[in-house]
Each structure stands twice: as C-alpha cells, then as structure tokens.
Amino acid sequence: MSDGSSFSITTPIFYVNDVPHIGHAYTEVAADVLARWHRQRGDDTWLLTGTDEHGQKILRTASANDVTPKEWADRLVTDAWKPLLDTVDIANDDFIRTTDERHERGVTAFLQKLYDDGFIYAGEFEGFYCVGCEEYKQPSDLVAGTGAYEGQQVCAIHSIPVEVLAERNYFFRMSDFEQRLLDLYESNPEFIQPESVRNEIVSFVKQGLRDLSISRSSFDWGIQIPWDHDHVLYVWFDALLNYVTALGYGSDDDEAFQRLWPSVHIVGKDIARFHAVIWPAMLMAAGLPVPKRVFGHGWLLVGGEKMSKSKLTGIAPSEITDTFGSDAFRYYFLRAITFGQDGNFSWEDISARYQAELANGFGNLASRIVAMIGRYFDGVVPAAGAPTDADAAIDALAKSVTERADAAVGDFAPHDAIATVWELVDALNGYITEQEPWALAKDDAKRERLATVLVTALRGLGTVAVLVSPVMPKATQKLWASIGAGGSIAEQRIDRAWEWQGAAQVVPLESGLFPRIEQQPEQGAA
Ligand code: MSP
C-alpha cells in the first residue's frame with residue numbers, strides 16, 4: 001500500500017436521477033483544489049470522481065421518463081455529469097460509473113470473498129426504507145406526514161412516505177465490527193473530520209450497530225448477488241466499493257490499488273456515516289486497509305435551508321459560471337465557507353467578493369505591476385538594487401505565507417490557505433501604495449529604487465499566482481504567461497512558491513484577470 005507521499009482523494013459518486021446543482025459542484029471543487037495543491041507539491045496524486053447509477057431512485061426516474069435505467073444513466077452522464085467537470089474545471093484522473101464492467105467485476109469478487117469468509121448470511125428483514133435516501137430507517141428516523149401524506153410516516157429528510165419492507169434478504173455482519181470501529185476512531189482521531197461529524201458518528205456507533213441488509217429481490221436494477229441471482233446488491237454497498245474498484249481491486253491489474261489505496265474521502269456531512277461506519281466495516285471484513293480519512297463538509301444553504309432540487313432551491317453551477325467564470329466560482333465557495341461548516345450562498349455575497357477580492361484585490365495588483373514594468377522598463381524586468389526593510393518584509397511574508405498556506409491545505413482547511421495568501425495580496429497592494437513607483441519614475445536618480453520596488457512586487461505577485469493556481473487555474477495561467485514565466489503554472493512547486501525570482505520580460509495582460517461584470521444574473525433564487 002501507499003506511503004505518505006501519495007495523495008489519493010475521492011468525491012462521492014453522484015446519483016444520476018437528476019442534474020447537478022451547486023452543492024454537488026462544491027464537493028467536486030473542494031476535492032479538486034486539494035488534489036491540485038498536492039499535485040503541485042510533488043505528491044503522487046489521484047483524484048477520482050464518478051456516478052452512482054443503480055438503485056430504486058434511478059429506476060423510478062427512468063421508468064417515469066419511459067426509458068431503461070441504463071439509457072437514463074447514459075444520458076445524464078453524457079449531458080449533465082461529465083459536462084459539470086468542465087463547467088467548474090475539475091482535473092480528475094478517473095471517472096467511474098457503477099455500471100462499468102470493471103466496477104461490477106470488482107464488486108462481485110468482493111462480495112464472494114465476504115460470503116466465503118462467513119460475513120454474509122440470509123435472513124428475514126422487516127422495516128422501513130426511504131428511496132430518497134436509499135437507506136433503511138429506524139422508527140426514530142421517521143416523522144408524521146402532513147398535507148397529502150397526513151396519517152403516514154414519512155422520512156424526516158425527504159418528507160415522503162417510507163416503504164414498509166418484509167423480505168428475505170442477505171445481511172452483512174456489521175455488528176461484529178462495532179468495537180473495532182470504536183477502537184479505530186479512538187486510536188486515529190483524525191479518521192473522521194471535522195470534530196462535529198466525528199462526535200456524531202462515535203455516539204451513533206456507541207448506541208450499537210445492527211447487521212445491515214445488503215440485498216433486494218423486488219427489483220433488478222443493480223449488481224446481482226453472485227451466489228443468488230434473484231437478488232441485487234443494496235445500492236450503498238455497491239457504491240462505496242467504487243473507491244477500490246476504480247483502482248483495480250478485483251482485477252488482474254491492481255497496481256494502482258497497491259500504490260494509491262487507502263484514499264481520503266471528501267463527502268457531504270449527510271453521507272459521512274456511510275463512509276465512516278459501513279465502509280470501514282466492509283473493508284475490515286475483507287482484510288483491507290480502511291480509508292486514510294473521511295472529511296464531511298457542510299451544506300450550501302440558500303435562504304438558510306439546505307439547497308436541493310427537490311425543494312426547488314437548486315441552482316445550476318452554470319448559472320454562476322456563465323456570469324463570473326469558473327475561477328471565481330471555485331474561489332468564492334472555498335474562500336467564503338469554512339471547510340466543514342455550512343455556508344449560505346447569495347448572489348450579493350459572490351458579487352461583492354468578486355469585486356473586492358478578485359477584481360480590485362488580485363486582478364488590479366497584477367495589472368498594475370505588469371503595466372508599470374511595461375511603461376517604465378519597456379517590459380524588460382530590471383535588475384533589483386539593495387533591498388530596504390520594506391522589500392525584505394515582502395520577501396519574508398511571501399515565505400511565511402507559502403509555509404502557512406501549505407500547512408493549512410495539509411490540515412484540510414483550504415479557506416484558511418486562501419485567506420493566508422490574501423495577506424500577501426493585501427501587503428503587496430499596500431507596498432505599492434507606500435512606495436509610489438509612479439513618483440519614483442519621475443526622478444531619473446531614483447531609477448534603481450524604482451527597479452527594486454517593481455521587481456520585489458513582481459516576485460510577490462509570482463508567489464501569489466503559484467499559490468492560488470489550484471484554486472483559479474485559468475486566471476493564474478494567463479498571469480503566468482504575462483509575467484514572463486514559461487510553461488504551465490501547474491508545474492510549479494507550490495511549497496516553494498516564494499522562491500520564484502521573476503523572469504526576464506513581462507508581456508502586457510490583454511484584458512484584466514477578472515473582467516467587470518456588466519450584467520447581474522437573475523436573483524430570484526437567493
Ligand atoms: N450517491 C451518493 C453517494 C455515494 S458515495 C459512495 C449520494 N449522491 S448525491 O448525488 O445525492 O450527493 C452527492 C454529494 O453531494 C454528497 O456529498 C452530498 O452531501 C452533496 N450535496 C448535496 N446537496 C448539497 C448541498 N446543498 N450542499 C453541499 N453538498 C451537498 O449521496
């Protein structure tokens with residue numbers, strides 16, 4: 001298995017019953033920023049995402065649309081889920097679908113192993129099931145329905161009636177793993193993050209675990225149980241395995257699995273329990289290492305409520321990127337929301353941050369420095385003279401910001417990393433205001449001082465560009481070309497961003513990094 005320098009990270013795989021909204025895009029972007037950062041610090045990095053295509057929810061949506069579930073899934077993957085990756089600029093290394101042959105093969109091998117080793121048995125299941133959650137429910141998870149569902153028990157999350165099941169099913173001996181899971185949480189306190197999610201899961205497991213029903217026989221849209229073809233596998237058991245089947249588990253070529261597993265899982269806090277209870281229990285039963293970490297991020301709220309399509313608060317990612325661009329989308333959600341906490345989305349907030357932090361803060365800084373080197377030195381980067389305290393302070397800050405931002409990303413705090421980089425953006429803007437290069441330029445005797453100020457500012461700008469390149473790949477690549485540094489900014493070592501010494505020549509920025517937004521989007525949703 002992998003050593004410390006590999007960084008394999010996953011998003012949840014998304015249900016294809018509907019099209020993506022900004023909550024889904026948020027998960028994708030967070031995982032992508034972490035992956036790009038690690039790639040740029042030289043770690044053997046792998047970002048996996050994909051789609052969850054089995055289960056009753058998708059079967060019903062397909063039937064309602066008069067197509068087979070596979071046709072429905074193909075359509076949604078092609079028209080909605082893969083395009084999302086372009087919309088928000090995700091650099092994933094793989095995309096797995098649970099209908100992929102490689103996945104079905106790995107799942108079958110895994111199930112057969114658990115069955116042969118005595119972790120699966122046949123039994124009678126009686127209880128409740130919510131198709132919205134694709135989850136078995138306890139009576140305590142239900143509430144009394146209202147309106148059309150008056151008199152019925154409904155799921156507290158989806159407000160729709162639960163199904164009452166009485167079936168012969170196969171069960172996974174999850175209860176056998178209760179103590180081992182508690183030991184895992186205790187001996188590896190960082191296994192589940194943040195603390196709030198960890199506490200909830202520890203107390204859930206302490207209440208006692210039941211065996212888990214893992215098969216259904218009343219419909220057939222799923223992976224067949226290998227020893228009993230009348231049953232299909234429970235959709236969550238199927239879905240969780242994507243993380244290892246994508247790496248080749250259960251195939252002849254499991255080199256990627258050996259190299260990259262265990263991975264870090266980024267998930268919404270609503271599905272952290274599946275990842276931090278069922279999934280490690282499954283892996284323990286199979287004798288495989290548990291994930292490195294399960295990080296449960298918060299929800300995007302719109303008007304104070306969890307945003308969702310079913311509650312008609314869903315906002316398509318393109319509604320935002322069409323106006324602000326993918327870089328601003330990525331920046332806004334990672335900067336404005338503390339990773340691990342809920343965050344409210346509003347058009348006013350994104351517009352205000354775009355203007356203040358991107359256009360006026362970073363964009364203006366870049367334009368001014370490039371324009372002044374153009375104006376005063378014909379674009380040829382001059383040699384710097386002896387540094388003053390103010391210059392040395394900028395260099396020292398660039399180093400300290402690099403180190404602190406890198407540490408913050410290592411701690412899964414991208415919001416802190418970005419805020420730290422903005423210390424340097426603000427300091428550079430302040431430095432230029434104080435040093436007044438336009439005044440120095442009026443006096444030929446101060447030519448060397450002018451050169452030193454502009455080169456110091458340029459070096460700082462290069463450091464900022466490298467540090468925010470995982471967050472804003474497009475704008476920073478454009479800036480990188482303009483400040484004369486060749487090649488791809490994505491190839492720059494991020495943990496040494498402060499070492500960049502400037503280039504020989506700068507090229508004017510054709511347009512600002514963050515153009516003025518002429519038209520405000522429809523503001524009906526927030
Ligand atoms: N298919 C399962 C995951 C299986 S992983 C082995 C699933 N899919 S989902 O499409 O419903 O949700 C995918 C992710 O989107 C989850 O992490 C969920 O938390 C996240 N979000 C859905 N709505 C969200 C918000 N409003 N805000 C933030 N994230 C949200 O669950």
Side-chain angles (χ1 to χ4, degrees), residues 9 11 14 19-37 39-40 47 49 78-93 95 266 297 300 302 307 314-337 339 343 345-347 349-363 366 409 414-415 417-418 421-422 425 464-482 488-490 494 509-522 525-526:
I9 182 166
T11 72
F14 298 89
V19 296
H21 58 54
I22 57 174
H24 304 124
Y26 175 58
T27 308
E28 287 280 5
V29 166
D32 184 58
V33 167
L34 295 170
R36 285 182 190 256
W37 192 290
R39 233 177 251 130
Q40 272 183 252
L47 171 62
T49 188
T78 311
D79 295 349
W81 289 95
K82 285 197 169 165
L84 169 69
L85 305 176
D86 277 342
T87 305
V88 291
D89 208 2
I90 304 299
N92 54 309
D93 295 287
F95 187 100
I266 303 295
H297 67 67
L300 295 194
V302 171
M307 192 200 50
I315 300 171
S318 59
E319 286 180 55
I320 295 177
T321 57
D322 285 352
T323 304
F324 296 98
S326 59
D327 279 351
F329 183 105
R330 297 164 61 93
Y331 172 81
Y332 171 70
F333 285 106
L334 288 199
R335 167 89 200 247
I337 300 173
F339 198 49
F345 169 77
S346 78
W347 291 104
D349 195 27
I350 190 172
S351 300
R353 282 188 183 266
Y354 182 91
Q355 201 49 45
E357 292 160 20
L358 294 183
N360 296 345
F362 179 31
V409 170
H415 56 283
I418 300 174
V421 179
W422 247 252
V425 172
V464 170
V466 173
L467 290 174
V468 290
S469 60
V471 184
M472 296 186 280
K474 289 191 178 126
T476 52
Q477 181 59 44
K478 192 168 151 192
L479 175 57
W480 199 239
S482 161
S488 164
I489 194 167
I494 209 158
L509 272 166
E510 306 248 299
S511 56
L513 293 181
F514 303 99
R516 175 190 285 280
I517 305 293
E518 297 299 347
Q519 211 189 326
Q520 287 297 308
E522 289 282 312

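For clarity, every value in this text was computed on a predicted model and none was experimentally measured.
Residues Val409 and Ala417 come closest through the heavy atom pair CG2-CB, 3.7 Å. The minimum heavy-atom distance between Asp327 and Ala475, with the atom names listed, is OD2-N, 2.6 Å. Closest non-hydrogen pair, Ala25 versus Leu84, comes out as CB-CD1, 3.9 Å. When every heavy atom of His297 is checked against every heavy atom of Ile266, the shortest pair comes out as CD2-CG2, 4.0 Å.
Side-chain atoms of Gln477 do not come within 3.5 Å of backbone N or O of Ser488 as any donor-acceptor pair.
Looking only at side-chain heavy atoms (C-beta outward), Phe514 and Asn360 stay at 4.5 Å or farther from each other. With a 4.5 Å cut-off on side-chain heavy atoms, Phe14 and Trp81 count as touching. At least one side-chain heavy atom of Ile320 sits less than 4.5 Å from a side-chain heavy atom of Trp347.
Partners of Lys82 according to the side chain to side chain donor-acceptor pair (under 3.5 Å) rule, which considers only residues two or more places apart in sequence or in another chain, do not exist here. Partners of Phe333 according to the ring pair (Phe, Tyr, Trp, His ring centres under 6.0 Å) rule, which considers only residues two or more places apart in sequence or in another chain, are Phe329, Phe345. Residues satisfying the ring pair (Phe, Tyr, Trp, His ring centres under 6.0 Å) test with Phe339, not counting sequence neighbours, are Phe295. Judged as a side chain to side chain donor-acceptor pair (under 3.5 Å), and not counting sequence neighbours, Ser482 has no contacts. Partners of Trp37 according to the ring pair (Phe, Tyr, Trp, His ring centres under 6.0 Å) rule, which considers only residues two or more places apart in sequence or in another chain, do not exist here. Ser511 meets the side chain to side chain donor-acceptor pair (under 3.5 Å) test with Lys478; sequence neighbours excluded. Residues meeting the side-chain contact (heavy atoms from CB on, under 4.5 Å) test with Ser318, sequence neighbours left out: Thr87, Ala316, Thr321, Asp322. Considering only residues two or more places apart in sequence or on other chains, Tyr331 meets the side chain to side chain donor-acceptor pair (under 3.5 Å) condition with Arg335, Glu357. Phe95 meets the ring pair (Phe, Tyr, Trp, His ring centres under 6.0 Å) test with no other residue; sequence neighbours excluded. Every residue two or more places apart in sequence or in another chain that forms a salt bridge (Lys or Arg N to Asp or Glu O under 4.0 Å) with Asp93 is listed here: Arg39.
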Does His415 form a side-chain contact (heavy atoms from CB on, under 4.5 Å) with Ile337? I'd like the steps, not just the answer. CA-CA 7 Å; His415 56 283; Ile337 300 173; over 6 Å; no

Using the rule given for side-chain contact (heavy atoms from CB on, under 4.5 Å), can you reason through Leu467 versus Val421, listing the C-alpha separation, both sets of side-chain angles and the distance that settles it, and then say yes or no? CA-CA 7 Å; Leu467 290 174; Val421 179; 3.8 Å; yes

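Among residue pairs with one or both ends in residues 19-35, those qualifying as salt bridge (charged side-chain N to carboxylate O under 4.0 Å, His left out) are Asp32-Arg36, Asp32-Arg330; sequence neighbours excluded.
Defined by atom type and a distance below 3.5 Å, a donor-acceptor pair is missing between the side-chain atoms of Ser469 and Thr476.
Rounded to the nearest 0.5 angstrom, Tyr354 OH and Arg516 CZ are separated by 10.5 Å.
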